[in-house]
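Input: a single structure, listed below in structure tokens.
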Amino acid sequence: MAHLWIHDDSGWNASRLISPLFDLGSLRALTETNAAIDDYQPACATSAGFARLVQVDAAGVGTWALVASPSFPVRLNGRMPAAGLRVLADRDEIRVGGSARYFFSTETLAAVEPFPGAERAVFCGRCRQQIGTGAPAVRCPGCGVWYDESQETPCWSYSPNCAFCETRTALDSGFKWTPEE
Ligand SMILES: [Zn+2]
Ligand SMILES: [Zn+2]
């Protein structure tokens with residue numbers, strides 16, 4: 001899942017982009033209250049214009065675009081977004097006004113979540129048993145393979161690395177990339 005690095009008094013903090021629409025014009029207020037982006041309610045465009053991050057892929061693969069009105073003081077990697085719309089790439093820098101800085105990132109952290117189920121049976125990448133809908137599981141952020149991950153069947157964390165790619169399985173390993181101070 002894509003996330004946005006937001007710079008505030010404590011440095012850089014990553015927030016997951018869950019809502020399919022995110023209004024940069026309200027980001028400053030958001031970071032001051034330390035609210036989660038999950039809770040964010042998009043504000044209406046103001047006369048000063050707007051800048052928004054919009055998820056353009058309904059499948060939720062993490063394709064996002066920056067959409068801005070011509071009058072809004074937003075810069076993507078130092079430039080105004082051409083024609084008011086740019087598809088975002090990993091590590092794109094976004095500036096709003098004179099000081100607010102953000103980085104878009106497509107990096108995803110491994111996390112235990114209830115297995116959402118699938119049309120076909122899905123088998124654990126380690127033990128090869130079928131994973132039941134709702135069972136605690138981890139989807140490898142590197143290759144997308146699902147693993148069991150519970151006290152009884154810690155298949156994801158069993159080995160230091162994913163069985164199919166180099167992704168480390170420590171659940172607290174943090175982001176590989178963070179913006180420089
Ligand atoms: Zn397993
Ligand atoms: Zn993997």
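First listed ligand is number 1; within each ligand, the first listed atom is number 1.
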Metal site angle (apex the Zn ion (ligand 2)), SG from Cys162 and SG from Cys143, 10 degrees: 110°
- prompt: How open is the angle at the Zn ion (ligand 1) from atom SG of Cys155 over to atom SG of Cys124, rounded to 10 degrees?
  reply: 110°
field: Vertex the Zn ion (ligand 1), rays to OD2 in Asp148 and SG in Cys127 - rounded to 10°
entry: 100°
message: Ignoring hydrogens and geometry beyond distance, is a side-chain donor-acceptor pair present between Ser10 and Asp8 at under 3.5 Å?
response: yes
- prompt: So, Gln55 and Thr63: side-chain donor and acceptor under 3.5 Å apart, yes or no?
  reply: no
field: Residues Glu93 and Arg101 bridged, charged N to O under 4.0 Å
entry: yes
field: Approximate separation, where rounding is to 0.5 Å, of Glu166 CD and Asn161 CG
entry: 5.5 Å
